[in-house]
Amino acid sequence: MLQLQFFLLVAAILFCIGIYGLIVSRNAIRVLMSIELMLNAVNLNFIAFSNFLDSGMIRGQVFSVFVITVAAAEAAVGLAIVLGIYRNRATIDMESFNLLKW
Amino acid sequence: MTLGEGVQLVTFVVLSLMAIGFALGVVWAPSIVYSGFLLGGVFLSMAGLYLLLNADFVAAAQVLIYVGAVNVLILFAIMLVNRRYNFAPLKLGWLRNGVTAVVCLGLFALLAAMAFDTPWELQPIQPLSSVLVMGGHFFSDYLLPFELASVLLLMALIGAIVLARREFAAPQAGEGDLSLLERARPQFESATETEAELVSTR
């Protein structure tokens, strides 16, 4: 029998992998991919809650659709920023981006 | 969902193992191209998990938007940026990786303990058509976020175009009309700091 806890556990694993990749990765595109992993983990939590706790009015699924929308917008703008930085600095190493350092 | 419980459990185990393995591959794959394709695998197995949770519309949207749009966009960006680049090893880089791994394991332990300790108020699962209910939500009590999402998508579209647009070079004498399309950028084999600043197209 599937339990709510199983899905929460998988989502927690995915979220932690996303955080690890977000901090450790040197490649800027891999950082964006890690952010997508974290957003997917949050979506899995939303949908698990909406199935097990709120299956009459599936509000969690509505919120997961909004999260998907924001993730699509974030991916477009983030990749455009990466392309702009790559064109100006000729690198995608996260350690060499010091544009905002004062 | 009318599958038997054993089938549900086996499907859940297979899909979650696929998702976790592909996610580890996204973070650890030696080539960024492999990570891009493994990310598509993560998205597909997440769509399968959504189907197990009676969320058929979100599963379809996941396949269409994530696999069809976001993943393809990431692969295009990888193709545009994928120059062979040797990252200089960081001083104390192993320490940062170790501390991050420890912090992530601690966060995972915290989240798992929270998931198993909290007394959830479980309700009996009602099978219903999720599309009709979600449409009702979108056009009644979540109408304002729905409209804001469309405005946000329009802003992101215009912003991404403005950010990623190539700057046109001035037409140079002696070259054809094609020189208007794209200005050749100088390529450096080893991008040091000063050379990287020379590359600036402004």
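Remember, predicted model here, so these are calculated numbers, not experimental data. Letters A, B, ... mirror the listed sequences (proteins, then strands); counts begin at 1.
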Polar contact flag, side-chain donor to acceptor under 3.5 angstrom, Asn71(B)-Glu36(A): no
At a heavy-atom separation under 4.5 Å, does [X] approach chain B through its side chain, its backbone, both, or neither?
| X | answer |
| --- | --- |
| Ile19(A) | both |
| Ser64(A) | side chain |
| Leu14(A) | side chain |
| Phe66(A) | side chain |
| Phe6(A) | both |
| Gln61(A) | both |
| Val65(A) | side chain |
| Ile47(A) | both |

Exactly one of Ile74(B), Leu75(B), Ile78(B) clears side-chain contact (heavy atoms from CB on, under 4.5 Å) with Phe37(B), and that residue is Leu75(B)
[X] portion near chain A, given a 4.5 angstrom heavy-atom threshold:
| X | value |
| --- | --- |
| Tyr142(B) | both |
| Val26(B) | both |
| Ala69(B) | neither |
| Ile161(B) | neither |
| Tyr66(B) | side chain |
| Gln126(B) | both |

Among Leu53(A), Val70(A), Val77(A), Thr69(A), residue most engaged with chain B (heavy-atom pairs, under 4.5 Å): Leu53(A)
Are the side chain of [X] and the backbone N or O of [Y] linked by a donor-acceptor pair below 3.5 Å?
| X | Y | result |
| --- | --- | --- |
| Trp28(B) | Ser35(B) | no |
| Ser45(B) | Val42(B) | yes |
| Thr91(A) | Asp93(A) | yes |
| Ser31(B) | Val33(B) | yes |
| Arg87(A) | Val82(A) | no |

Determine the option with the most heavy-atom pairs under 4.5 angstrom with chain A, choosing from [options].
| options | answer |
| --- | --- |
| Leu111(B), Val162(B), Val13(B), Leu39(B) | Leu39(B) |
| Ile125(B), Leu49(B), Leu157(B) | Ile125(B) |
| Leu107(B), Val81(B), Leu9(B) | Val81(B) |
| Gly159(B), Pro145(B), Ser150(B), Gly93(B) | Pro145(B) |

Given Val67(B) and Gln62(B), is the side-chain contact (heavy atoms from CB on, under 4.5 Å) satisfied, shown in steps? CA-CA 7 Å; Val67(B) 184; Gln62(B) 168 96 358; 5.7 Å; no
Just do the side-chain contact (heavy atoms from CB on, under 4.5 Å) check on Phe46(A) and Val58(B) with the steps written out, would you? CA-CA 11 Å; Phe46(A) 269 136; Val58(B) 184; over 6 Å; no
So Ser129(B) and Leu132(B), side-chain contact (heavy atoms from CB on, under 4.5 Å) or not? Walk me through it. CA-CA 6 Å; Ser129(B) 168; Leu132(B) 293 179; 3.8 Å; yes
Under the criterion side-chain contact (heavy atoms from CB on, under 4.5 Å), I'd like the reasoning laid out for Leu53(B) against Phe7(A): C-alpha separation, chi angles, the key distance, then a yes or no. CA-CA 9 Å; Leu53(B) 288 169; Phe7(A) 290 95; 3.7 Å; yes
